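Only one structure is covered here, and it is reproduced in the block below.
Naming convention: chains lettered A, B, ... in sequence-line order (proteins, then strands); numbering from 1 in each chain. This one's a predicted model, so the numbers in the text were calculated from it and none came from an experiment.
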Amino acid sequence: MLSLRSCCYSLTHSTLSHHLKIYLNLSPSLCAVSLSSPKPFSFKLILSPNHTPKSTMSSRPSAFDVLMSNASKKKAQSQTQQSSPKKRKTLESNTTNQNPRKTQTPNSETQLLNEPKLDGKEPNCSNSKPIEETRVANGSKDDQQTPKLDVKKRRLISAHDSIVELKKKAANFSPQKAAFWGEGDKVPFLFLVKVFDAISKESGRIAITEMVCNMLRTVIQMTPEDLVAVVYLSANRIAPAHEGLELGIGDASIIKALAEACGTKDTQIKKQYKELGDLGLVAKASRSSQPLMRKPEVLTIAKVFDTFRLIAKRIEESGKDSQEKKKNHIKALLVAATDCEPQYLIRLLQTKLRIGLAEQTLLAALGHAAVYTEKHSSSPPDINSPLEEAAKIVKQVYSVIPVYDKIVSALLTGGVWNLAKTCSFSPGIPVGPMLAKPTKGVSEIVDKFQDMEFTCEYKYDGERAQIHYMENGSVEIYSRNAERNTGKFPDVIAAVSRLKKSSVTSFVLDCELVAYDREKQKILPFQILSTRARKNVVMSDIKVDVCIFAFDILYLDGQPLLQEQLDARREHLYNSFEEEPGFLQFATAITSNDLEEIQKFLEAAVDSRYWSMFLT
DNA sequence: TAATTTGCATC
DNA sequence: ATCGGCT
DNA sequence: AGCCGATGATGCAAATTA
């Protein structure tokens, strides 16, 4: 009842070319996986080099294979010691959860969309309606003067044209033609929703990127003030992760709001949910079967985004009746929604757009859009593909400062080619952490890096943390997902402040926080760590101690180290902190390209974890 | 006040 | 965190 | 190889309900 994982990964933050980290640890959290697989142990490698020479997979026995068989023996011993009830429990829950939950893969949805069982009071978003005239779109000024019904008809017709235009190749695309609102006017929510809908029917990344790019170009051209909101909604975010704004809305709340907005019962909605497998579709179906009263106003991007933020704000304010207030906000939006707006409104609230568009594609599209928009752009002459390059720049910048507000404004004022200068790392804002990527076997790694020196270090089974210590002495701790965890680890703040060398005035430390028994000097399993309180923790209340296993430093004494090589950063790390067992230790590491040596290192790591976990 | 539901974080 | 599918 | 989405186990915290 124990699983084992081993990971390799080369380091983060771009420029560490020739280095590879091998991480090892035992992971009780993977028990379920292990049990359901033929092998009692789950053993994997994680690798993510920044540049990857091609190599062929070799099937010859590798260090890991050898290690694996050793480990299996040990495990056989430990399994007998382990209590079995837990095993059964997980098994049971697994099987009971197996309940056949409707294949809600893209299939079911497309089928449903194609079924014209909804009465066509209005053109359905999935179908193209005949177009009468094409030129209407320009009279946007008139829109405000003409009766609403007319406005709406026109919108729908021209919205369709808009999509046709947006699907064009970027080179032939004209932002003016795609827009069906006036220059400087608020961007209609319908515009974004139509793009979402078109994207959902497209599986090719290139095509999706192009559509998003065209959409962004249109917004930049017509209503640049709305660009930030458009980007946030496209990313399905409400705010930068580190700001801690949460919608606090889940399926249960959505079902309630939906039921009220449609005048039906919860049970009815739930039933439909089971049938359709998607609350967005339920919303769409329910809405279009509603007798629509006159809408107060056309939904705009800004309105939707602002409302989302209002919903999120409630979390920080009074807690009473917060759900009720949220529900009313949602209802208001739903009532004003037409066409397929309800569908995507709901999906946005669920934070599950599932459209095939996510962060990376959005960033690429943002870069592309900037290239097209900046006519005067002095794109460096030595560049083959400006588009690719721009996408790369935007992604790079985002990884260092994941705040759309800043990136968008820097993009609009300074342009892509200056972006890295106008928008860069800022202490106090968490850097996107480099994550481990699984690979099949060690042979891959050995082959790839045979002629390079690389480095290995333990991967401890705890919680990733990025500790920012600012010049003014304030400290923030961020999680793997850039959530602010500061209030959860006052002990870590104390430790880090005490153990930094006195000459150090500021830093950003990348580390793993691991539950630790200081009496016995043992690392404790993740399970224990997870029982720590999470909010407003007071030192004296702490039950589970934590040891900081530091493995990288990204910023030191006012200077970003993101461009440095890993070995240089390690030097900085070792020079900037004092180790103290049980409080702060450096991740155990070796540097070598010798297979045998690495294998020994791995075995040692496994042994140390193994004993510390079971000989308590 | 105590139990239950809901949301959401970690892995 | 793992997994599989798509391009 | 990169990106996206679907999925699981577990545990705290807040809101609701009994």
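- Counting any heavy atom pair closer than 4.0 Å across all strands shown, A/K395 reaches sugar-phosphate atoms only and no base atom.
- Comment: A/K265 does not engage A/E260 in a salt bridge, judged by the lack of any side-chain N to carboxylate O separation of less than 4.0 angstrom.
- Note on A/I206: nothing from the nucleic acid sits closer than 4.0 angstrom, heavy atoms only.
- OP1 or OP2 of D/dA6 sits under 4.0 Å from a side-chain N or O of A/R354.
- Judged by distance alone, with hydrogens and angles left aside, the side-chain atoms of A/E512 form a donor-acceptor pair with the main-chain N or O of A/G462 at under 3.5 Å.
- No more than 12 heavy atoms of other residues, nucleotides or ligands shown are found within 6.0 angstrom of CG on A/N384.
- The side chain of A/R205 approaches D/dC3 more closely than any other nucleotide in the set B/dA9, D/dC3, B/dC11.
- Checking D/dC4, D/dC12, B/dT10 against the side-chain heavy atoms of A/A358 singles out D/dC4 as nearest.
- Residue pairs meeting the salt bridge (Lys or Arg N to Asp or Glu O under 4.0 Å) criterion with at least one member in residues 525-538 of chain A, sequence neighbours excluded: A/D491-A/R532.
- Distances from the side chain of A/E483 to the nucleotides B/dT6, D/dG11, B/dT10 place B/dT10 closest.
- With B/dT6, D/dT16, B/dT10 as the candidates, the nucleotide lying closest to the side chain of A/S479 is B/dT10.
- A/N485 comes within 4.0 angstrom of nothing in the nucleic acid, heavy atoms only.
- Rounded to whole Å, the distance from CD1 on A/I199 to C1' on C/dT7 is 16 Å.
- An OP1 or OP2 oxygen of D/dC3 is reached within less than 4.0 angstrom by a side-chain nitrogen or oxygen of A/Q360.
- For A/K535, a side-chain nitrogen or oxygen approaches OP1 or OP2 of D/dA14 to under 4.0 Å.
- At a threshold of 4.5 Å between non-hydrogen side-chain atoms, the residues A/F583 and A/Y516 do not count as touching.
- Contact check, A/Q527 against D/dT10: no side-chain N or O comes under 4.0 Å of OP1 or OP2.
- When each of D/dA13, D/dT16, B/dT6 is scored by its nearest atom to the side-chain atoms of A/A252, the top-ranked nucleotide is B/dT6.
- Taking only side-chain nitrogens and oxygens, A/T361 never comes nearer than 4.0 Å to OP1 or OP2 of D/dC3.
- Across all strands shown, A/L529 has no heavy atoms under 4.0 Å from either base or sugar-phosphate atoms.
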